[in-house]
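The analysis underlying the following values was restricted to heavy atoms, covering all of them including side chains, and did not include hydrogens, waters or symmetry mates. By convention in this document, chain letters (A, B, ...) are assigned in the order of the sequence lines, proteins followed by strands, and residues within each chain are numbered from 1.
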2 protein chains.
Amino acid sequence: MEKPHNQHIDKIFKAIADPTRREIFHALVVASVALSITQISERYDISRQGVTKHIKTLQQAGLITINAHGRERYCLPSTKPLKLVKDWVNFYDKFWDDSLSRLGDHLDSQT
Amino acid sequence: MEKPHNQHIDKIFKAIADPTRREIFHALVVASVALSITQISERYDISRQGVTKHIKTLQQAGLITINAHGRERYCLPSTKPLKLVKDWVNFYDKFWDDSLSRLGDHLDSQT
DNA sequence: GAAATATGCAACCATTTAGTAGCATTTAGA
DNA sequence: TCTAAATGCTACTAAATGGTTGCATATTTC
(Lines give C-alpha, C1' and ligand atoms only; values in the text may rest on other atoms or scores of the structure.)
Protein backbone atom coordinates (compact mmCIF):
# COMPACT_ATOMS: atom_id res chain seq x y z
CA MET A 1 0.00 0.00 0.00
CA GLU A 2 2.44 2.65 -1.14
CA LYS A 3 4.64 3.04 1.85
CA PRO A 4 6.92 6.07 1.21
CA HIS A 5 9.85 3.72 1.12
CA ASN A 6 13.38 4.61 2.05
CA GLN A 7 15.41 5.72 -0.93
CA HIS A 8 18.72 4.99 0.70
CA ILE A 9 18.05 1.44 1.77
CA ASP A 10 16.86 0.60 -1.73
CA LYS A 11 20.22 1.70 -3.08
CA ILE A 12 22.09 -0.29 -0.47
CA PHE A 13 20.17 -3.47 -1.17
CA LYS A 14 20.64 -2.94 -4.88
CA ALA A 15 24.35 -2.33 -4.46
CA ILE A 16 24.94 -5.53 -2.54
CA ALA A 17 22.69 -7.57 -4.81
CA ASP A 18 25.42 -8.01 -7.38
CA PRO A 19 28.09 -10.62 -6.56
CA THR A 20 30.82 -8.68 -8.35
CA ARG A 21 30.04 -5.58 -6.31
CA ARG A 22 30.10 -7.61 -3.12
CA GLU A 23 33.51 -8.92 -4.16
CA ILE A 24 34.82 -5.44 -4.88
CA PHE A 25 33.50 -4.14 -1.60
CA HIS A 26 35.03 -7.07 0.22
CA ALA A 27 38.39 -6.55 -1.47
CA LEU A 28 38.38 -2.88 -0.48
CA VAL A 29 37.55 -3.65 3.13
CA VAL A 30 40.19 -6.28 3.64
CA ALA A 31 42.85 -4.42 1.66
CA SER A 32 45.60 -2.93 3.77
CA VAL A 33 45.75 0.20 1.65
CA ALA A 34 43.30 2.24 -0.42
CA LEU A 35 42.97 0.96 -3.98
CA SER A 36 42.59 3.01 -7.14
CA ILE A 37 40.05 2.11 -9.80
CA THR A 38 42.74 0.74 -12.07
CA GLN A 39 44.14 -1.36 -9.26
CA ILE A 40 40.69 -2.78 -8.60
CA SER A 41 40.06 -3.58 -12.26
CA GLU A 42 43.33 -5.49 -12.43
CA ARG A 43 41.81 -7.97 -10.00
CA TYR A 44 38.82 -8.82 -12.16
CA ASP A 45 38.11 -9.95 -15.66
CA ILE A 46 35.82 -7.06 -16.41
CA SER A 47 37.04 -3.83 -17.94
CA ARG A 48 38.01 -0.71 -16.06
CA GLN A 49 34.79 1.00 -17.17
CA GLY A 50 32.83 -1.92 -15.89
CA VAL A 51 34.48 -1.51 -12.53
CA THR A 52 33.83 2.22 -12.63
CA LYS A 53 30.11 1.54 -12.98
CA HIS A 54 30.12 -0.79 -10.01
CA ILE A 55 32.08 1.76 -8.02
CA LYS A 56 29.46 4.37 -8.83
CA THR A 57 26.68 2.10 -7.61
CA LEU A 58 28.55 1.38 -4.40
CA GLN A 59 29.22 5.07 -3.96
CA GLN A 60 25.55 5.94 -4.35
CA ALA A 61 24.78 3.46 -1.64
CA GLY A 62 27.35 5.14 0.58
CA LEU A 63 29.40 1.97 0.71
CA ILE A 64 32.51 3.66 -0.63
CA THR A 65 33.88 7.16 -0.83
CA ILE A 66 36.33 8.44 -3.40
CA ASN A 67 39.60 9.94 -2.35
CA ALA A 68 41.04 11.84 -5.31
CA HIS A 69 44.81 12.04 -5.38
CA GLY A 70 46.23 13.57 -8.51
CA ARG A 71 45.06 11.65 -11.50
CA GLU A 72 44.18 8.68 -9.36
CA ARG A 73 40.98 8.12 -7.41
CA TYR A 74 41.29 5.90 -4.42
CA CYS A 75 38.26 4.03 -3.12
CA LEU A 76 37.61 3.85 0.58
CA PRO A 77 34.95 1.48 1.84
CA SER A 78 32.43 2.41 4.51
CA THR A 79 30.59 -0.23 6.48
CA LYS A 80 28.20 2.27 7.99
CA PRO A 81 25.29 1.74 5.57
CA LEU A 82 25.36 -1.96 6.41
CA LYS A 83 23.77 -1.01 9.70
CA LEU A 84 20.51 -0.54 7.85
CA VAL A 85 20.78 -3.99 6.33
CA LYS A 86 21.58 -5.43 9.71
CA ASP A 87 18.54 -3.75 11.22
CA TRP A 88 16.37 -5.04 8.42
CA VAL A 89 17.55 -8.60 8.94
CA ASN A 90 17.41 -8.41 12.72
CA PHE A 91 13.76 -7.46 12.63
CA TYR A 92 12.98 -10.99 11.50
CA ASP A 93 14.75 -12.54 14.46
CA LYS A 94 11.43 -12.30 16.25
CA PHE A 95 9.91 -14.60 13.64
CA TRP A 96 11.56 -17.98 13.62
CA ASP A 97 10.44 -20.58 11.16
CA ASP A 98 8.78 -22.81 13.68
CA SER A 99 6.34 -20.08 14.58
CA LEU A 100 5.82 -19.02 10.98
CA SER A 101 4.87 -22.51 9.88
CA ARG A 102 1.91 -22.36 12.27
CA LEU A 103 0.43 -19.66 10.07
CA GLY A 104 -0.76 -22.44 7.82
CA ASP A 105 -2.13 -24.67 10.56
CA HIS A 106 -5.72 -24.04 9.60
CA LEU A 107 -5.05 -25.72 6.25
CA ASP A 108 -5.39 -29.47 5.96
CA SER A 109 -3.66 -30.55 2.73
CA GLN A 110 -0.15 -29.60 1.72
CA THR A 111 2.27 -29.81 -1.19
CA MET B 1 39.98 -14.51 -9.32
CA GLU B 2 36.79 -16.41 -10.14
CA LYS B 3 35.76 -17.44 -6.68
CA PRO B 4 33.25 -20.34 -7.03
CA HIS B 5 30.55 -18.15 -5.55
CA ASN B 6 27.58 -19.41 -3.63
CA GLN B 7 24.56 -19.83 -5.84
CA HIS B 8 22.10 -19.66 -2.98
CA ILE B 9 23.28 -16.45 -1.44
CA ASP B 10 23.15 -14.76 -4.82
CA LYS B 11 19.48 -15.65 -5.07
CA ILE B 12 18.79 -14.41 -1.57
CA PHE B 13 20.47 -11.08 -2.16
CA LYS B 14 18.67 -10.75 -5.47
CA ALA B 15 15.32 -11.60 -3.88
CA ILE B 16 15.61 -8.97 -1.19
CA ALA B 17 16.98 -6.36 -3.57
CA ASP B 18 13.53 -5.46 -4.81
CA PRO B 19 11.48 -3.22 -2.50
CA THR B 20 8.19 -4.79 -3.57
CA ARG B 21 9.52 -8.24 -2.71
CA ARG B 22 10.70 -7.02 0.65
CA GLU B 23 7.22 -5.64 1.25
CA ILE B 24 5.58 -8.91 0.27
CA PHE B 25 7.93 -10.88 2.45
CA HIS B 26 7.30 -8.52 5.32
CA ALA B 27 3.54 -8.77 4.90
CA LEU B 28 3.73 -12.56 4.94
CA VAL B 29 5.85 -12.62 8.08
CA VAL B 30 3.70 -10.28 10.11
CA ALA B 31 0.42 -11.73 8.85
CA SER B 32 -1.46 -13.77 11.41
CA VAL B 33 -2.54 -16.34 8.82
CA ALA B 34 -1.12 -17.73 5.59
CA LEU B 35 -2.01 -15.64 2.56
CA SER B 36 -2.92 -16.86 -0.92
CA ILE B 37 -1.46 -15.28 -4.03
CA THR B 38 -4.72 -13.52 -4.78
CA GLN B 39 -4.89 -12.18 -1.25
CA ILE B 40 -1.38 -10.83 -1.59
CA SER B 41 -2.08 -9.16 -4.94
CA GLU B 42 -5.07 -7.40 -3.45
CA ARG B 43 -2.68 -5.52 -1.22
CA TYR B 44 -0.62 -4.07 -4.04
CA ASP B 45 -1.19 -2.13 -7.21
CA ILE B 46 0.56 -4.67 -9.36
CA SER B 47 -1.28 -7.48 -11.10
CA ARG B 48 -1.65 -11.03 -9.81
CA GLN B 49 0.85 -12.23 -12.39
CA GLY B 50 3.31 -9.64 -11.20
CA VAL B 51 2.92 -10.94 -7.67
CA THR B 52 3.30 -14.52 -8.87
CA LYS B 53 6.67 -13.63 -10.37
CA HIS B 54 7.86 -12.05 -7.14
CA ILE B 55 6.63 -15.08 -5.23
CA LYS B 56 8.65 -17.31 -7.52
CA THR B 57 11.80 -15.28 -6.90
CA LEU B 58 11.26 -15.40 -3.16
CA GLN B 59 10.61 -19.11 -3.37
CA GLN B 60 13.84 -19.73 -5.26
CA ALA B 61 15.68 -17.91 -2.52
CA GLY B 62 14.01 -20.16 0.03
CA LEU B 63 12.29 -17.19 1.63
CA ILE B 64 8.83 -18.64 1.16
CA THR B 65 7.30 -22.06 0.67
CA ILE B 66 4.02 -22.80 -1.04
CA ASN B 67 1.27 -24.63 0.77
CA ALA B 68 -1.25 -25.83 -1.80
CA HIS B 69 -4.80 -26.12 -0.53
CA GLY B 70 -7.41 -26.87 -3.13
CA ARG B 71 -7.28 -24.31 -5.87
CA GLU B 72 -5.48 -21.89 -3.60
CA ARG B 73 -1.76 -21.71 -2.90
CA TYR B 74 -0.84 -20.26 0.43
CA CYS B 75 2.54 -18.65 0.92
CA LEU B 76 4.50 -19.31 4.08
CA PRO B 77 7.57 -17.20 4.78
CA SER B 78 10.82 -18.63 6.05
CA THR B 79 13.38 -16.46 7.76
CA LYS B 80 16.04 -19.13 7.70
CA PRO B 81 17.89 -17.95 4.57
CA LEU B 82 18.31 -14.55 6.20
CA LYS B 83 20.95 -16.16 8.38
CA LEU B 84 23.30 -16.06 5.41
CA VAL B 85 22.64 -12.35 4.95
CA LYS B 86 23.20 -11.77 8.62
CA ASP B 87 26.50 -13.63 8.50
CA TRP B 88 27.55 -11.62 5.48
CA VAL B 89 26.82 -8.35 7.21
CA ASN B 90 28.31 -9.38 10.53
CA PHE B 91 31.64 -10.13 8.90
CA TYR B 92 32.08 -6.39 8.42
CA ASP B 93 31.60 -5.66 12.10
CA LYS B 94 35.33 -6.13 12.46
CA PHE B 95 35.88 -3.23 10.09
CA TRP B 96 34.47 -0.03 11.46
CA ASP B 97 34.70 3.14 9.44
CA ASP B 98 37.25 4.82 11.64
CA SER B 99 39.73 2.07 10.92
CA LEU B 100 38.89 1.91 7.25
CA SER B 101 39.50 5.60 6.72
CA ARG B 102 43.10 5.04 7.77
CA LEU B 103 43.58 3.01 4.62
CA GLY B 104 43.95 6.29 2.82
CA ASP B 105 46.28 7.91 5.30
CA HIS B 106 49.25 7.70 3.00
CA LEU B 107 47.48 10.04 0.59
CA ASP B 108 47.85 13.77 1.06
CA SER B 109 45.08 15.48 -0.92
CA GLN B 110 41.42 14.61 -0.77
CA THR B 111 38.10 15.33 -2.48
C1' DG C 1 56.95 19.78 -24.19
C1' DA C 2 55.85 14.95 -25.42
C1' DA C 3 54.48 10.52 -24.10
C1' DA C 4 52.31 7.59 -20.96
C1' DT C 5 48.89 6.82 -17.33
C1' DA C 6 44.36 7.27 -14.82
C1' DT C 7 40.18 8.48 -15.41
C1' DG C 8 35.44 10.30 -17.15
C1' DC C 9 31.95 10.43 -20.54
C1' DA C 10 28.97 8.84 -24.21
C1' DA C 11 27.23 5.48 -27.13
C1' DC C 12 26.15 1.06 -27.78
C1' DC C 13 24.63 -3.95 -26.99
C1' DA C 14 22.65 -8.17 -24.97
C1' DT C 15 20.26 -9.86 -21.16
C1' DT C 16 17.44 -9.52 -17.33
C1' DT C 17 13.73 -7.54 -14.98
C1' DA C 18 9.28 -5.84 -13.56
C1' DG C 19 5.37 -5.48 -15.29
C1' DT C 20 1.33 -6.48 -18.51
C1' DA C 21 -2.61 -9.30 -20.97
C1' DG C 22 -4.71 -13.54 -22.83
C1' DC C 23 -5.94 -18.09 -22.42
C1' DA C 24 -6.10 -22.77 -20.42
C1' DT C 25 -6.78 -25.62 -16.28
C1' DT C 26 -8.28 -26.96 -11.81
C1' DT C 27 -11.34 -26.56 -7.97
C1' DA C 28 -15.45 -24.77 -5.38
C1' DG C 29 -20.11 -23.78 -5.04
C1' DA C 30 -24.92 -23.06 -6.35
C1' DT D 1 -23.73 -29.66 -14.07
C1' DC D 2 -22.78 -24.97 -14.93
C1' DT D 3 -20.39 -21.09 -13.37
C1' DA D 4 -17.12 -18.48 -10.86
C1' DA D 5 -12.72 -18.22 -8.66
C1' DA D 6 -7.56 -19.20 -8.15
C1' DT D 7 -3.92 -20.20 -10.48
C1' DG D 8 -0.32 -21.49 -14.24
C1' DC D 9 1.62 -20.71 -18.62
C1' DT D 10 2.98 -18.18 -22.58
C1' DA D 11 3.89 -14.32 -24.98
C1' DC D 12 4.90 -9.43 -25.02
C1' DT D 13 6.86 -4.66 -23.69
C1' DA D 14 9.61 -1.06 -21.59
C1' DA D 15 13.18 -0.09 -18.73
C1' DA D 16 17.21 -1.27 -16.12
C1' DT D 17 21.52 -3.72 -15.86
C1' DG D 18 26.15 -5.38 -16.70
C1' DG D 19 29.11 -5.18 -19.87
C1' DT D 20 31.72 -3.31 -23.91
C1' DT D 21 34.57 0.22 -26.97
C1' DG D 22 36.19 4.77 -28.42
C1' DC D 23 37.54 9.17 -27.39
C1' DA D 24 38.52 13.28 -24.61
C1' DT D 25 40.83 15.19 -20.51
C1' DA D 26 43.88 15.69 -16.74
C1' DT D 27 48.12 14.48 -14.51
C1' DT D 28 52.77 12.38 -14.31
C1' DT D 29 57.05 11.55 -15.89
C1' DC D 30 60.84 11.66 -18.96
Measure from [atom1] on [X] to [atom2] on [N] and round the result to the nearest Å.
X: Lys14(B); N: dT15(C); atom1: NZ; atom2: P; value: 16 Å
X: Lys53(B); N: dT10(D); atom1: NZ; atom2: P; value: 12 Å
X: Ile40(B); N: dA6(D); atom1: CD1; atom2: C1'; value: 13 Å
X: Arg48(B); N: dT10(D); atom1: CZ; atom2: C1'; value: 13 Å
X: Lys56(B); N: dG19(C); atom1: NZ; atom2: P; value: 15 Å
X: Ile37(A); N: dT27(D); atom1: CD1; atom2: P; value: 15 Å
X: Asp10(A); N: dA16(D); atom1: CG; atom2: P; value: 14 Å
X: His69(A); N: dT7(C); atom1: NE2; atom2: P; value: 12 Å

> Between dG19(C) and Ser47(B), is there an OP1 or OP2 to side-chain N/O distance shorter than 4.0 Å?
Replying inline: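 Answer is no, no contact under 4.0 Å.
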
> Ignoring hydrogens and angles, are the base of dT5(C) and the side chain of Arg71(A) linked by a donor-acceptor pair under 3.5 Å?
Replying inline: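 Pair found.
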
> Quick one: does Gln49(A) reach the base of dG18(D) with a side-chain donor-acceptor pair under 3.5 Å?
Replying inline: no

> Quick check: does any side chain N or O of Arg21(B) sit under 3.5 Å from a backbone N or O of Ile16(B), one acting as donor and the other as acceptor?
Replying inline: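 Such a contact is absent between Arg21(B) side chain and Ile16(B) backbone.
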
> Of all the choices, dG18(D), dT7(D), dA18(C), which nucleotide is nearest to the side chain of Thr38(B) once you look at every atom?
Replying inline: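 Nearest listed nucleotide: dT7(D).
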
>> Can you tell me which nucleotide in dC12(C), dT7(C), dA18(C) comes closest to the side chain of Ser36(A)?
In response: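 Closest of the options to the side chain of Ser36(A): dT7(C).
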
> Are any of the side-chain heavy atoms of Asp93(B) and Lys86(A) separated by less than 4.5 Å?
Replying inline: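 Contact flag for Asp93(B)/Lys86(A) side chains = yes.
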
> Is the shortest distance from a Lys or Arg side-chain nitrogen in Arg22(B) or Asp10(A) to a carboxylate oxygen in the other one below 4.0 Å?
Replying inline: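 A salt bridge links Arg22(B) with Asp10(A).
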
>> Would a single hydrophobic cluster contain both Trp96(A) and Tyr92(A), if residues Ile, Leu, Val, Met, Phe, Trp and Tyr are joined by side-chain heavy-atom contacts under 4.5 Å?
In response: no

> What orientation do Phe25(B) and Trp88(A) show, parallel under 30°, tilted 30 to 60°, or perpendicular over 60°?
Replying inline: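 Ring orientation, 0 to 90° scale: tilted.
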
> Hey, which of these two, His54(A) or Glu72(A), hits DNA chain D nearer its 5' end, going by closest nucleotide?
Replying inline: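 Its nearest nucleotide lies further toward 5', so the answer is His54(A).
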
